[in-house]
Amino acid sequence: MTSTAGAPPTHSTPADLAPGFLTGGVIGASLAAFIGGCVVGRAPLVLTGLVLPAVYGLVFFLATLPRRAREAAVAPRTALAVIESREAVGGETSDVPVRFDLSVVPEDAPAFRVEMRQDVNLVELADHRPLAVVVVEYPPDRPWRTRIVTRPTPEWEKRAAVAQVDSVPGPAMKSETPEGCSSGLLNLLGLLLGAAAVLLLFRADLFGSQGGDSGAPEPSVSSSSATTVTSSAITVTSATGTVALGPGQSMLDEGGLRAAVESLTQVAGRRQALSVVVRDRLLTVVFSPTGGKSAGFDPRSLPYDRVPGLVEEAGTTVGAESPRSWQLTADGVTGSLTLRVVVTDGGSTGTLRADGRGKVLRKSGS
């Protein structure tokens, strides 16, 4: 009998390595989003960490469905094989993982040698001794996925009992090809890139700053519009301006809000504002259109000294001396300056309205 040994692919293609890279990226992004969302209390991040793996799993299942359907449509081929060697590789249950080296001799195809791993019951282990002839099945297009048939049909069982199968020379194909270090490195790279992408996209939520040098003692000033003039760390435009404080600073600090407004007006000039929004570490000013006669107010006219008291008083409506988050909105569109303070603590929200001098007009909590 003439024997010809076959061989499976000996290296991984980019298409084979891509799923591992994508899986690593999804794992890294999911973990970073879930842990980061739990730390900073951001529900969208937590939801992203939970939903992303499920979406990826569904997409992966649908993408591989045609291939798996084609593989399932190929009828397996049955043949006789002789066990060249066997080696138990572990197991503490009744089914022992065993590594087999087989010489497979099909009737209408070239013979080949294959190394495969299969769980064998301890009771049947004696029937799988070296030089024993067994019945195997394998996909014709993937012979390295050979499996020993534990319950062959009576016809094949009789043939295996009387057959003489010659050994097949040459190297054995392996059903469990080692992934290699390139696959492991790609998986790790995908995991790191996925985590880095989440940290980059949600850096404002996770780190509480929006650009600039967060370690600088002075606030960084930024704004956005079609035309910008940049000088050092300051950008000035005609639409909006923002001041982001660094870590450890707050607009509620003594003189903090005043310094932030003055920093912005020094760059933007003495321009009227339509609205001013103040958060713990962020000041946003919407400027009035230049050259127009629209209503507005001087942002420097805000009652700076009253802001900490207004936030504290709004917090009392929800029973929080130090609310988890707060926002003050100064609006001058209607002509008279009005202040609105909203504080949140857990699931409670408190609202306070005051005039331009900081006198409380109305407050409520829910």
[atom1]/[X] to [atom2]/[Y] distance, rounded to the nearest 0.5 angstrom?
{"X": "L245", "Y": "L282", "atom1": "CG", "atom2": "CG", "answer": "8.0 Å"}
{"X": "L200", "Y": "L193", "atom1": "CG", "atom2": "CG", "answer": "11.5 Å"}
{"X": "I148", "Y": "L102", "atom1": "CD1", "atom2": "CG", "answer": "5.0 Å"}

task = Evaluate the ring planes of H128 and F100, with Trp represented by its six-membered ring, and classify them as parallel (under 30°), tilted (30 to 60°) or perpendicular (over 60°).
result =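 Rings of H128 and F100: tilted, as their planes differ by 30° to 60°.
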ask   = Are E115 and R99 ion-paired here, with the side-chain N under 4.0 Å from a carboxylate O?
value =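 So E115 pairs with R99 through a salt bridge.
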Would you say the side chain of [Y] lies within less than 4.5 Å of the side chain of [X], judging by non-hydrogen atoms?
{"X": "L352", "Y": "L310", "value": "yes"}
{"X": "E157", "Y": "V135", "value": "no"}
{"X": "L339", "Y": "L302", "value": "yes"}
{"X": "V149", "Y": "W156", "value": "no"}
{"X": "P308", "Y": "E254", "value": "no"}
{"X": "E84", "Y": "V168", "value": "no"}
{"X": "V243", "Y": "E262", "value": "no"}
{"X": "P299", "Y": "F287", "value": "no"}

In terms of hydrophobic clusters joined by side-chain contacts under 4.5 Å, are [X] and [Y] together?
{"X": "L264", "Y": "Y304", "result": "yes"}
{"X": "V136", "Y": "L125", "result": "yes"}
{"X": "L31", "Y": "V55", "result": "no"}
{"X": "V198", "Y": "V39", "result": "yes"}
{"X": "V74", "Y": "V114", "result": "no"}

If you compare all heavy atoms of [X] against all heavy atoms of [Y], which two are closest, and at what distance to 0.1 Å?
{"X": "P140", "Y": "R77", "value": "CB-NH2, 4.0 Å"}
{"X": "P97", "Y": "D119", "value": "CA-OD1, 3.3 Å"}
{"X": "P143", "Y": "Y138", "value": "CA-CD1, 3.8 Å"}
{"X": "L337", "Y": "A330", "value": "CD1-CB, 3.9 Å"}
{"X": "G248", "Y": "D253", "value": "O-OD2, 4.4 Å"}
{"X": "L45", "Y": "G36", "value": "CD1-C, 4.3 Å"}

message = Looking only at side-chain N and O atoms, does S275 offer a donor or acceptor that is under 3.5 Å from a partner on D331?
response =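 Per modelled atom types, D331 and S275 side chains form no pair under 3.5 Å.
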request  = Inspect the surroundings of CZ in R67 and state if more than 12 heavy atoms from other residues, nucleotides or ligands are less than 6.0 Å away.
outcome  =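 Enclosed: over 12 neighbouring heavy atoms sit under 6.0 Å from CZ of R67.
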inquiry  = Just checking R68: does its CZ atom have more than 12 heavy atoms from other residues, nucleotides or ligands closer to it than 6.0 angstrom?
reply    =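 Count over threshold, so yes.
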Are the side chain of [X] and the backbone N or O of [Y] linked by a donor-acceptor pair below 3.5 Å?
{"X": "S103", "Y": "S167", "result": "no"}
{"X": "S30", "Y": "I27", "result": "no"}
{"X": "E124", "Y": "T150", "result": "no"}

task = Please lay out, stage by stage, how I83 and R129 fare under the test side chain to side chain contact (heavy atoms under 4.5 Å, CB included).
result = CA-CA 7 Å; I83 300 177; R129 62 189 182 280; over 6 Å; no
task = Could you give me the CA-CA distance, side-chain angles and deciding distance for F34 and L52, then say whether side chain to side chain contact (heavy atoms under 4.5 Å, CB included) is met?
result = CA-CA 10 Å; F34 182 78; L52 185 60; over 6 Å; no
inquiry  = Determine whether S325 and T344 satisfy the following criterion, side chain to side chain donor-acceptor pair (under 3.5 Å), listing intermediate values before the conclusion.
reply    = CA-CA 5 Å; S325 63; T344 58; 2.3 Å; yes
task = Please test E87 against D101 for side chain to side chain contact (heavy atoms under 4.5 Å, CB included), starting from the C-alpha separation and ending with a verdict.
result = CA-CA 9 Å; E87 178 186 0; D101 186 353; over 6 Å; no
ask   = After noting the C-alpha distance and the side-chain angles of V307 and L252, does the key distance pass the side chain to side chain contact (heavy atoms under 4.5 Å, CB included) rule?
value = CA-CA 7 Å; V307 171; L252 295 180; 4.1 Å; yes
